[in-house]
Peer 1: 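I'd like to ask some things about the structure below.
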Number of protein chains: 2
Amino acid sequence: MTAAQARATVTSEAVVDTALTLFAERGYHGTALSQIAEALGIRTPSLYNHMRSKHDLLRVIVDRTTAAVLADFHEAVEDVDDPVERLRRATRVYAHRHATHRREALVVNRDTGSLEEPHRTELQQRRREHEHAIRGLIADGVEAGVFMVESPRLASFAIREMCVSVARWFSDDGPLSADQVADQYADFAVSVARGCATN
Amino acid sequence: MTAAQARATVTSEAVVDTALTLFAERGYHGTALSQIAEALGIRTPSLYNHMRSKHDLLRVIVDRTTAAVLADFHEAVEDVDDPVERLRRATRVYAHRHATHRREALVVNRDTGSLEEPHRTELQQRRREHEHAIRGLIADGVEAGVFMVESPRLASFAIREMCVSVARWFSDDGPLSADQVADQYADFAVSVARGCATN
DNA sequence: CCTACCGATCGGTAGG
DNA sequence: CCTACCGATCGGTAGG
C-alpha cells in the first residue's frame, strides 16, 4: 500500500506514518495536510476520520518517541552496576534508536518547538529527564574515579547530541549497520566521559 | 532601535537580523513576513525595499554563515603542524562560533532543506567541505599514530555535531563563557579522536 | 470515503 | 515608506 489507489482504505497508523515521513522531510510547517492526503491516495477532509488535527499528529509523534527513548534507557541500564558499562549501554541504545528511527528523531528535534502548550512543556520535561539520567551516569563515574570531566552537564549535552546526529546521516544502504554505528558511538561517548584529551 | 516606531527607517541588515531571530525561533516556514515587518515597525510590503524575497533572506543567512565557518577553520589551523593541536583548534573555533552565533546555527541546521535549487546543493557542498576538512585532520592524526578511531568519517560526524549542538543550549547568562565551553568541547573532540574507550 | 465550501493568512505586486 | 489588492493555499467544517 504505497500511494494513490481507487477508494483507498486508510488507518490512523498509516496517517501517522505518512505524516512522519513528510514532517521529517519538509518540517511540520513545511508540510500541508493536502500532501499527506495525496500520499495516502485520499482527499484532505478524509484525513479527519483518522486524526484530530494536524497539530495532534505532531503531538502523537513526539509523545510516542520520547516515551520510547526513556523506556529504552531504563531497559538498557537495569541490572548493570559498572558506571562505564552503564554509560556505554545507555548511549549505545540511544544512538541505535537514532539509526533505526530517523524520521522520529528528525521531527522531534526540529519541530518540538511547534507544539502548543501544555504539550511543549510536557515533552521538554521528558527530554530533560533523559538528559538528567545520562548526566547522572557520568556523575556516578566521576565519583567512582573512572570518568574525568569538569562538567557532567556539558558532557551529557555533548554525548547526547552526538548520538542524536546519527539520524542526520545514517542510511540502511551505508557501509555500517545500525549495530556497528551504535557500538562506535558508545565508544565515542565513553571516550568523552573518560576525558583523555590532556597529556 | 528595537520595535515599532513612527516612520521607522530600516536597513537591509536590520531585515536580515530580524529574520535571523524569527527564523531561529519558529523556523523558516513558521515565520511570516508580516511578523518580520511587525518586529521592525513597518508594513509587510515595505520589506521589499530591502530584500528580494523571503527565500532570498534565508539564502543570504545560510550563505554568510557557511562562508564564515570555512574562513574560521582555515584561520584556526594555519601555521599549526601538530595533528592534535590542529583538531583542537578547529573544533574549538567551531564550538565557539556555535555559542556566539546561535541563531545562524539553528537556522542553517534546521532550514537548509527549505532552500531551492541550485542554492541547496551549493550550500550542502560547502558544509561537506568543512566535514571533509575535519575528517582530514582526524585521518592525519591516525596516520601519525596519535589518534585511534576505526572510522575518521564517523568520528568527524560525531565531533562536528557535538559542537553544533552548543547552539541549542548555550546562554550568555549561563555559568560558562563561550571561551570556556569551546575549550571543553575541544577536549571532548580530542578525546573522541584519541579513542580511549577500550581498556 | 466524498464534494462543496469556509475564513484566514500566505508571499508578493501595483502604484504612488 | 504607505494603502490597496492579487491569486493561491492553508487547516478545518458541513453534510452526506
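Order of the sequence lines sets the chain letters (A, B, ...), proteins ahead of strands, with each chain counted from 1. What you see below is based on every heavy atom in this structure, not just the backbone, and it leaves out hydrogens, waters and symmetry mates.
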Peer 1: Determine whether a donor-acceptor pair (N or O, by modelled atom type, separation under 3.5 Å) exists between the side chain of Arg102(B) and the backbone of Phe170(B).
Peer 2: yes

Peer 1: To the nearest Å, how far apart are Lys54(B) NZ and dT13(C) P?
Peer 2: 15 Å

Peer 1: Do Gln124(B) and Arg120(B) come close enough that some side-chain heavy atom pair is under 4.5 Å?
Peer 2: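 Of all side-chain heavy-atom pairs linking Arg120(B) with Gln124(B), at least one is under 4.5 Å.
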
Peer 1: Would you call Glu122(A)-Arg126(A) a salt bridge at under 4.0 Å N-O?
Peer 2: no

Peer 1: With the side chain of Ser46(A) defined as its heavy atoms from C-beta on, choose the nearest nucleotide among dC1(D), dG11(C), dC2(C).
Peer 2: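 For Ser46(A), the side-chain atoms sit closest to dC2(C).
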
Peer 1: Answer yes or no: are there more than 12 heavy-atom neighbours, outside Glu25(B) itself, under 6.0 Å from its atom CD?
Peer 2: yes

Peer 1: Please answer whether the main-chain N or O of Ser53(A) pairs with a side-chain N or O of Asp56(A) as donor and acceptor at a distance below 3.5 Å.
Peer 2: no

Peer 1: Calculate the interatomic distance between His55(B) atom NE2 and dG11(C) atom P; express it in whole Å.
Peer 2: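 Result: 13 Å.
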
Peer 1: Please state how far atom CZ in Arg52(B) lies from atom C1' in dG12(C), giving the value in whole angstrom units.
Peer 2: 16 Å

Peer 1: Nearest of dG11(C), dT13(D), dC1(D) to any side-chain atom of Tyr48(B)?
Peer 2: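 The nucleotide sitting nearest to the side chain is dG11(C).
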
Peer 1: Specify the separation, in whole Å, of atom CG of Asp56(B) and atom P of dG11(C).
Peer 2: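 Answer to the nearest Å: 15 Å.
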
Peer 1: Look at the side chain of Pro45(A) and decide which nucleotide, out of dC1(D), dT13(D), dA4(D), has an atom nearest to it.
Peer 2: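 In terms of side-chain proximity for Pro45(A), the closest of dC1(D), dT13(D), dA4(D) is dT13(D).
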
Peer 1: Pick the closest DNA chain D nucleotide for Asn49(A) and for His50(B) by heavy atoms, then say which residue is nearer the 5' end.
Peer 2: His50(B)

Peer 1: For Glu117(B), is there any backbone N or O sitting under 3.5 Å from a side-chain donor or acceptor partner on Thr121(B)?
Peer 2: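 Answer holds: no.
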
Peer 1: Taking atom P of dG11(D) as reference, at what distance in whole Å does atom CG of Leu47(A) sit?
Peer 2: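 Answer to the nearest Å: 10 Å.
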
Peer 1: Between Asp82(A), Asp183(A), Asp187(A), which is the residue that forms a salt bridge (charged side-chain N to carboxylate O under 4.0 Å, His left out) with Arg88(A)?
Peer 2: Asp187(A)

Peer 1: Specify the residues of residues 17-35 of chain A, ordered by number, for which at least one heavy atom lies under 4.0 angstrom from an atom of DNA chain D.
Peer 2: Thr31(A), Ala32(A), Leu33(A), Ser34(A)

Peer 1: How close or far is atom P of dC1(C) from atom CG of Leu40(A), stated in whole angstroms?
Peer 2: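 Spelled out: CG on Leu40(A) to P on dC1(C) is 9 Å.
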
Peer 1: Do Arg194(B) and Ser191(A) meet the criterion of a side-chain donor-acceptor pair at a distance under 3.5 Å?
Peer 2: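 Side-chain D/A pair, Arg194(B) to Ser191(A): absent.
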
Peer 1: Any stems for DNA chain D, made of 3 or more Watson-Crick or G-U pairs in a row, each with both distances under 3.5 Å?
Peer 2: C:1-16 with D:1-16

Peer 1: Nearest-Å distance, CD1 (Ile36(B)) to C1' (dG12(C))?
Peer 2: 14 Å

Peer 1: Counting side-chain heavy atoms from CB outward, which of dT3(C), dC1(C), dC1(D) is closest to Arg43(A)?
Peer 2: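 Nearest to the side chain of Arg43(A) among the choices is dT3(C).
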
Peer 1: Need one value for Thr44(B): base, sugar-phosphate or nothing, where a base atom within 4.0 Å counts as base even if backbone is also close, heavy atoms only.
Peer 2: nothing

Peer 1: Check whether more than 12 heavy atoms from other residues, nucleotides or ligands sit under 6.0 Å from atom CD of Glu150(A), and answer yes or no.
Peer 2: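 Incorrect, the count does not exceed 12.
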
